[in-house]
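So the structure is just underneath, and the comments pick up after that.
Numbers restart at 1 for each chain; the letters A, B, ... are given by sequence-line order, proteins then strands.
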There are 8 protein chains.
Amino acid sequence: MEPLVSIIMGSTSDLSVMEKAAQILNELEIPFEINALSAHRTPEEVREFAIGAASRGIKVIIAAAGMAAHLPGVIASMTPVPVIGVPIKASLEGFDSILSILQMPPGTPVATVGVNAALNAGILAAQIIGAGNPEVIKAVVAYKETLKKKIVEANEELKKVKYPYKTN
Amino acid sequence: MEPLVSIIMGSTSDLSVMEKAAQILNELEIPFEINALSAHRTPEEVREFAIGAASRGIKVIIAAAGMAAHLPGVIASMTPVPVIGVPIKASLEGFDSILSILQMPPGTPVATVGVNAALNAGILAAQIIGAGNPEVIKAVVAYKETLKKKIVEANEELKKVKYPYKTN
Amino acid sequence: MEPLVSIIMGSTSDLSVMEKAAQILNELEIPFEINALSAHRTPEEVREFAIGAASRGIKVIIAAAGMAAHLPGVIASMTPVPVIGVPIKASLEGFDSILSILQMPPGTPVATVGVNAALNAGILAAQIIGAGNPEVIKAVVAYKETLKKKIVEANEELKKVKYPYKTN
Amino acid sequence: MEPLVSIIMGSTSDLSVMEKAAQILNELEIPFEINALSAHRTPEEVREFAIGAASRGIKVIIAAAGMAAHLPGVIASMTPVPVIGVPIKASLEGFDSILSILQMPPGTPVATVGVNAALNAGILAAQIIGAGNPEVIKAVVAYKETLKKKIVEANEELKKVKYPYKTN
Amino acid sequence: MEPLVSIIMGSTSDLSVMEKAAQILNELEIPFEINALSAHRTPEEVREFAIGAASRGIKVIIAAAGMAAHLPGVIASMTPVPVIGVPIKASLEGFDSILSILQMPPGTPVATVGVNAALNAGILAAQIIGAGNPEVIKAVVAYKETLKKKIVEANEELKKVKYPYKTN
Amino acid sequence: MEPLVSIIMGSTSDLSVMEKAAQILNELEIPFEINALSAHRTPEEVREFAIGAASRGIKVIIAAAGMAAHLPGVIASMTPVPVIGVPIKASLEGFDSILSILQMPPGTPVATVGVNAALNAGILAAQIIGAGNPEVIKAVVAYKETLKKKIVEANEELKKVKYPYKTN
Amino acid sequence: MEPLVSIIMGSTSDLSVMEKAAQILNELEIPFEINALSAHRTPEEVREFAIGAASRGIKVIIAAAGMAAHLPGVIASMTPVPVIGVPIKASLEGFDSILSILQMPPGTPVATVGVNAALNAGILAAQIIGAGNPEVIKAVVAYKETLKKKIVEANEELKKVKYPYKTN
Amino acid sequence: MEPLVSIIMGSTSDLSVMEKAAQILNELEIPFEINALSAHRTPEEVREFAIGAASRGIKVIIAAAGMAAHLPGVIASMTPVPVIGVPIKASLEGFDSILSILQMPPGTPVATVGVNAALNAGILAAQIIGAGNPEVIKAVVAYKETLKKKIVEANEELKKVKYPYKTN
């Protein structure tokens, strides 16, 4: 089983956030790999990874980093594989990582999701894989149904909260 | 020729920004369509569009909007097709549209690019199409080569700038 | 007893904030209902709710959401009933939800209150109901008197704090 | 003809922004008045205005101010009439007036609209009047239809833009 | 003993911050009073206070408030006595109260100090009293000497921290 | 005639902003001086100025600077004379100078006014002088009356604007 | 052994952050000294320190301060020795100290590192010393190798995390 | 003549800003080179440059870039030569480039100067060279004297501005 999605994080301390990406990919049955590589501490390893990703069959890269988060952009500069950037909140409420990932200059896009939004990164990766694979799209749709059910059920609980002037 | 990418903008006044997305898709020979639909003025038309996009063969949606920019997220809530969000700078330096598009809650990602980054949205759309189409990837790689050449040539010009203590 | 105010929240996790809106409406004896509906997870239910609100006799909608908070604006796009938006602080100190609710484009206003300001949303809803109902205005005025009394009494306590050079 | 809506602005220099509120109220045939009163230069006049508004039959107040914009909140502290606050952009991109109006403490809400959003303030005033007046609601709905038509027509123009790979 | 400085806070919950202003005024032997008055809950009491302050011999007013903090500006609009504004951090890291107090429009200044900077407000009040009273200036200078001594002594402790390559 | 107020600016390029402080002091008949001294280019001159200000009879210092604006705080660290800080907008919308002046650490307050608020700095200086001089207070009160008159007259003009549904 | 680097902090409360600078300089065997001096409480001591630094053989100064952080800029205005500024997070998420240090006006640079980035300040000081000392450069390179090793080893641990669809 | 300083910019459009760095290095008689290299368009060229800089005798690198500005950090990850980062203002008032350069993670510092602060970058480079070269320090000190003279002379002009109550 060859990985289709590669999750990269700038530090293993990001794992507690990023495991949600792993879990959803696993749930959607999309093969993936996880590595910790730092744009600044291991630039050669990042380069080797990025240059080789396409030929290894990687279809989407999810790259997470905090502070002056260069990892997603650096990878995107070395591969035509679409890169999803996850800004990690490590300082300044996460504004530094958001802007460092989002505001890529013309020619090198990074598909940025919200701060710490690992789950959304995983779903987006599945949607991209799904562009060429109807089975994956079906799995995404089914997953979204479960999210909908949860809130519909939670709403039933909400109706049980009683006030004299509450009418439902 | 059926469109693979659908560009939606919240107002035709966004066209001057978004035409760069159209130009790059055209240059990469990816069939696309453009429409102006407003999440707030034409919610029914947006819904119809979003629900029908997948079955019409749309593989990627590029949605652009300014201010409290709901268009990308609203579309993303109604389709499994990946949505690229382009925050348009209309007020507050664009911080309102950036945050309104980027910070999607868990379950409904939008692949956000930088403020007014229509060119990057087009390239990202091509990269996503390319995940299932090696020809498109080749076109993206070739396009990036032209960008590289431009800066290499510009650097040659820069070397001609002379100061007594400048050594190149 | 038919509800005049409808409180909608994007997630039941917002209840701890939003119960202050319920409490003040109850105290002011204005019939209300509460539901949890997500603009992104249950768009069809939101649409059905919004389109039907006016004919069910709803006079004001209070919609609360966090992050890229689209719920108030999406509802406002589908009904002429005035919508009060409550930005929930879930990330980025609440700046994302403030801007996502406040900065609505021309044509679709949302009456935005402060971050997590559920009490103020309830009072504002009562003031709007009161525009056509003098009894409700009286109740609002009486409630504001109780707030005034509290601070006047607290000031009496403050006078008991003693320093040699404090003169009151 | 007695006014139902009162537009107050902190300075006559705000008129170029606020005339959109006057125009839409006029178009919706809602009687209104306009005054320039400053919370800081004419506090007594503001107080007199606020205390007397309800008994004069004013149903909604639209108050606009820039910088440390206290006018809407000061008025709201002296009347049970709902106050719509319009932050005027005069410095700091408008962030100062947004926060000075939006972040009202518990007990005294201001229904805040976006920066310079005079049109939306007028529409919101009409929606509030409409809570007790079905004719006004009808006028609002009709007005929103005209906005919708404009974008639908603009979209027709957009379809005429041609690129070789554009399919609509 | 008549008060020269009047400390006003928007809520008694601000006392834990503002007691530092009381302590330093007491230490500098400047008579003062403290009251809790809210610009929004007790506007009449605030007005009465502001209009009467000068004739009661108040030379400086210290006004503290959080969120959309109107108290200092409202008082400043009704008295020629200089008003020192203390932004209280209650939400949004204090940016709302900073901007609501600092950015006063032309004609009505508020002497703003840093967020929660009650001690500095007290010192500044003393400096203003001192403009016409050399004894107070002496007390301020003496107090600043104690602050200097503290850091000079702390530095002696710092020198005792040892590392092999630390030379002092 | 000895100066009571000393206006210092970090660069003569700030004169176009700061001349409003000079004009109002002149109008209020308060003797003043103006100098350009830079905290960073002429630190010795700044020190000499600050140390000598009190003994020369200076009662208030107005210090204006942009960017990382250290001038007001540096002066305040060397004199017991109250220092009014004017943040000049030179970059980043003025947020850098606001925070560099406002957020002084405990022990060394600067009385900060709004960005570019030279007029307010002049009025505040007069109010501080006035704490020990009733004539100056009278001049301030009279000046504020002229501001009030201006807006009252402007309001008369506003009443002449006509719309069919405008009632005043 | 004479110090080459001088670490200055505005308050001994900054020591818990700044000890990382001491530790790395010690590890790289670069002689250093540490002092607590406040730009605002001990301006004379700061001046004496700054003016004398170069002649004492100090090659780099690391200056740390929070809030309106003037210490690095004040020192830089009095010495040609390069000054590294460390913004300490004490309020406003650190934005105040960042801007107070970073945005120095033309003529007086401060080499600013990230908020609380004491370790990076120490490494940067070593790199500057290294510009004239190849031994120090070697030590820096060796240190960076240890950082790289740590993440490479952490990555080995990461590979042991197992999911059914995880492929590495 | 071999270069000691290397100026790199991410785009030749940054030249109008960065030429001030070239001019001051030239004035201080420090040999330098200028190149345009993009972290994202020409990553291989950047890598080759960074890896080879030390052995070519480069003592300081000045790297300028805008938006999500990765160039300074990417170079710093590949060389022990100190890197000065210049955030270019291209969008969002420059906050994106400031944070992308300043907030480098532990282990890889960038000596950041203010937004567009090319002159300061040049002076800082000279100060770093000067750490091992007393002649350069002398040139820096002499240059700073010229800056001081300019403001002293400008102050003489300021004294000629006359108002009746201006005393100097």
Quiz prompt | Candidate pair G/Glu33 and E/Lys166, rule side-chain contact (heavy atoms from CB on, under 4.5 Å), full reasoning | solution = CA-CA 5 Å; G/Glu33 61 182 21; E/Lys166 182 164 178 289; 5.8 Å; no

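- The 12-atom threshold is not exceeded at CD of G/Glu48, counting heavy atoms of other residues, nucleotides or ligands nearer than 6.0 Å.
- Surrounding NZ of G/Lys144 are more than 12 heavy atoms belonging to other residues, nucleotides or ligands, all under 6.0 Å away.
- Both the backbone and the side chain of G/Glu19 come within contact range of chain E, with heavy atoms under 4.5 Å apart.
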Quiz item: Would G/Phe32 and E/Thr167 satisfy side-chain contact (heavy atoms from CB on, under 4.5 Å), going step by step from the backbone distance to the final call?
Solution: CA-CA 6 Å; G/Phe32 65 98; E/Thr167 64; over 6 Å; no

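- When all heavy atoms of E/Ile151 and G/Gly10 are compared, the pair lying nearest together is CD1-O, 3.3 Å.
- You'll find the side chain of E/Asn168 stays beyond 4.5 Å of the side chain of G/Pro3, heavy atoms only.
- Only the side chain of E/Ile98 comes within less than 4.5 Å of a heavy atom in chain G; its backbone stays farther off.
- The shortest heavy-atom contact between E/Asn155 and G/Ile34 is OD1-O, 4.4 Å.
- In this structure, chain E has heavy atoms under 4.5 Å from both the backbone and the side chain of G/Ser38.
- The number of heavy-atom neighbours closer than 6.0 Å to CD of E/Glu2, taken from other residues, nucleotides and ligands shown, is 12 or below.
- Both the backbone and the side chain of G/Leu92 come within contact range of chain E, with heavy atoms under 4.5 Å apart.
- Across every non-hydrogen atom of G/Asn35 and E/Leu158, the tightest pair is C-CD2, 3.6 Å.
- To the nearest 0.5 Å, the span separating NZ on E/Lys162 from CG on G/Asn26 amounts to 12.0 Å.
- Heavy-atom minimum distance, E/Lys148 versus G/Thr42: CG-CG2, 3.6 Å.
- Taking every heavy atom of both residues into account, G/Ile30 and E/Tyr165 meet most closely at O-CB, 3.8 Å.
- Taking 4.5 Å as the limit, every side-chain heavy atom of G/Phe95 sits out of range of all side-chain heavy atoms of E/Glu93.
- A distance of 4.5 Å separates CZ of G/Arg41 from CG of E/Leu147, quoted to the nearest 0.5 Å.
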